[in-house]
Amino acid sequence: MIIFAKSPQAIAKGIDYMAQTYELKDIATQVRRDIIRMVSMAGSGHPGGSMSSTDFLTYLFFREMKQDPATWRRDGRGQDVFILSAGHTAPVYYSILSRAGYFPTSELGTLRKFGSVLQGHPSIRKGLPGVFQTSGSLGQGLSAAAGFALAKQLDGAPEYTYVMCGDGESEEGQIWEAGMFAAHHGLDHLIAMTDWNRQQIDGGVDEVGGIGDLEAKWKAFGWNVIVAPAHDFEAIAAAFSAAKQHVGKPSMILFESEMGHGVDFMAGTHKWHGKAPSADQCAEALAQLGETPLGDF
Amino acid sequence: MKKYIDTGKKDTRSGFGAGLLEAGRRDARVLALTADLKGSLKMDAFAAEFPDRFIQCGIAEANMVGVAAGLAISGKIPFIGSFAEFVTGRVYDQIRQEVSYGKANVKIASSHAGITLGEDGATHQTMEDIALMRALPEMVVINPCDFNQTKAATLAAAAYDGPVYLRFGRPSVPNFTPEDAPFEIGKAILMNEGTDVTLFATGHLVWESLLAAEALEAEGISAEVIDIATIKPLDVEAVLASVAKTGCAVVSEEHNSAGGLGELIAGVLAAAKPAPLAFVNGRDAFGQSGTPAELMKAYGLDAAHVADAARKVLSRK
């Protein structure tokens with residue numbers, strides 16, 4: 001039997017336990033199943049962006065990040081740091097943290113419920129391990145990540161700080177303040193990701209906010225910019241590798257993704273930004289995703 | 001009454017600068033961040049002695065708050081400095097999410113607070129900041145009264161584990177509290193004992209209240225003067241004990257009437273033992289350009305107005 005919770009066995013083996021046990025595609029499919037079931041059970045939440053960012057966040061946590069649930073500490077000492085700036089995509093974050101061994105998967109069913117550690121948006125107030133900073137009010141996580149990266153730079157620490165932003169979120173001015181700051185201070189151990197799914201609550205990103213050419217914008221802000229397909233693990237691996245090879249500048253990986261990826265009726269539309277599937281839709285989505293060796297929570 | 005000597009006019013922001021430098025010498029985790037106001041915040045000495053621990057953020061206060069939160073969670077003790085309006089109203093959501101709700105050990109150094117910022121006018125004269133910061137759960141709100149107290153409060157803020165809002169001003173004002181007095185967060189400071197009326201005051205109004213107490217003494221009125229240097233957490237015990245003795249009080253502050261120290265003390269007394277109160281504050285108004293002295297007089301924030309309020313509240317006992 002596979003033990004997903006923070007068991008002594010899992011702790012002893014750390015993150016490699018999962019990484020060596022499952023294929024990335026199986027983990028990612030299970031994370032999408034978790035997202036569908038969590039949001040459906042909660043009756044509200046944000047599945048669309050959670051599913052567009054599933055693959056690269058799965059890769060990040062299970063192959064890329066230096067992290068270990070057994071030794072996790074909020075100050076990030078001796079480990080890589082991850083900030084979810086687009087805090088509404090909490091379902092993907094919670095599923096990945098749980099599957100990586102930060103807390104029992106049985107908690108996933110408590111999303112958004114009274115008393116749960118799994119608040120509607122990530123909180124450090126409920127004792128949820130793995131979460132470095134609260135988020136939800138958009139545009140702020142890149143600044144916090146820059147703070148973590150700066151602290152590591154001041155201390156001469158070798159670890160990386162990762163942050164995920166939304167493309168709609170990038171309409172917030174503070175994202176660009178942080179962009180200027182990180183480049184100005186040469187924070188080359190800061191690796192940001194934008195989930196470029198081109199959808200936000202009210203419609204298409206180009207229709208609602210006119211964010212335009214993100215690649216040109218980030219280059220103009222002095223960042224090392226990488227554009228990569230978001231649902232191809234080899235391309236994701238290459239993108240992180242390219243980000244780490246660059247010296248002197250922060251890196252922005254623009255992951256070209258599909259909103260609601262993995263379930264046909266949820267894919268590519270803003271309508272699933274913040275809507276829970278009905279019981280029938282949940283069953284249909286799970287049937288499309290298929291079962292995995294990891295098993296449902 | 002107890003005599004206080006003005007040992008020479010100094011600005012409270014320079015007290016912050018002196019305290020920051022000392023805090024930096026005591027603890028290598030202390031950092032200073034500013035949004036293009038290093039000189040105004042008196043961070044020059046700190047930046048010269050600890051160039052690697054001074055972080056210039058440019059004119060981008062929202063980002064500065066978030067960066068400070070990340071630094072604080074990483075184990076640093078960042079002081080973020082700007083004008084009061086720009087580290088409160090402009091970045092309220094950032095402070096709420098990243099610092100307050102996020103439990104980040106950030107110290108908000110808020111200079112040029114109140115109407116005594118002077119000539120720049122109402123865009124820069126925040127009179128609402130205490131209300132904003134008071135409303136955040138667990139936020140410590142400190143408004144010291146002179147150079148010495150601001151320096152001591154800065155050291156206390158650095159040593160305290162948690163978010164602190166430290167409010168001080170631009171103009172040179174009397175420096176009259178003892179140089180070596182340690183600052184205890186959450187403790188009201190009894191400046192002068194009296195029996196007829198309590199004069200509660202915070203910030204620049206403490207000196208004005210001492211002057212008012214002198215004027216009242218000449219009329220045979222014994223005024224107790226209490227410096228509420230820490231607005232949150234309020235020293236409720238000291239407030240209740242003093243008013244139990246005097247039976248009435250004046251509350252003075254360089255702040256809007258809404259959400260300030262006056263409403264706070266009124267609430268405490270209303271819940272425990274109501275007493276006649278009078279208020280000296282900026283009422284519900286914006287400021288305007290002028291010298292600090294002109295503005296304090298025009299907005300009724302001086303010793304004469306405190307004394308007048310005391311006479312009136314005494315008649316209601």
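Only a predicted model underlies this, so the values are computations on that prediction, with no experimental measurement involved. Letters A, B, ... are given to chains in the order of the sequence lines, protein chains preceding strands, and every chain is numbered from 1.
- Chain A forms more heavy-atom pairs under 4.5 Å with one residue of Val65(B), Leu31(B), Asn63(B), Ile55(B) than with any other, namely Asn63(B).
- Residues Thr150(B) and Thr12(B) have side chains that never bring a donor and an acceptor to within less than 3.5 angstrom of each other.
- If you measure heavy-atom distances from Leu33(B) to chain A, you find no contacts under 4.5 Å at all.
- Both the backbone and the side chain of Leu150(A) come within contact range of chain B, with heavy atoms under 4.5 Å apart.
- Between chain B and the residues Arg125(A), His184(A), Met180(A), the largest count of heavy-atom pairs under 4.5 Å involves Arg125(A).
- For the ring pair (Phe, Tyr, Trp, His ring centres under 6.0 Å) test with Phe82(A), the passing option among Tyr102(A), Phe61(A), Tyr160(A), Phe148(A) is Phe61(A); the others fail.
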Does the pair Glu98(B) and Gln133(A) meet the rule for a side chain to side chain donor-acceptor pair (under 3.5 Å), with working shown?
CA-CA 7 Å; Glu98(B) 299 294 316; Gln133(A) 178 60 320; 3.0 Å; yes

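- Looking only at heavy-atom pairs under 4.5 Å with chain B, the residue among Ser137(A), Ala178(A), Ala146(A) that has the most is Ser137(A).
- For Thr161(A), no part sits under 4.5 Å from any heavy atom of chain B, backbone or side chain.
- The contact between Lys76(B) and chain A is made entirely by side chain atoms (from C-beta outward), counting heavy-atom distances below 4.5 Å.
- The ring of Phe79(B) has its center no closer than 6.0 angstrom to the ring center of Phe46(B).
- Note: Tyr162(A) and Phe240(A) have perpendicular aromatic rings, judged against thresholds of 30 and 60 degrees for the angle between ring planes.
- Between Asp129(B) and Thr88(B), the side chains place no donor N or O within less than 3.5 Å of an acceptor N or O (distance only, hydrogens not considered).
- Contact count against chain A (heavy-atom pairs under 4.5 Å) is highest for Gly102(B) among Ala68(B), Pro78(B), Ala72(B), Gly102(B).
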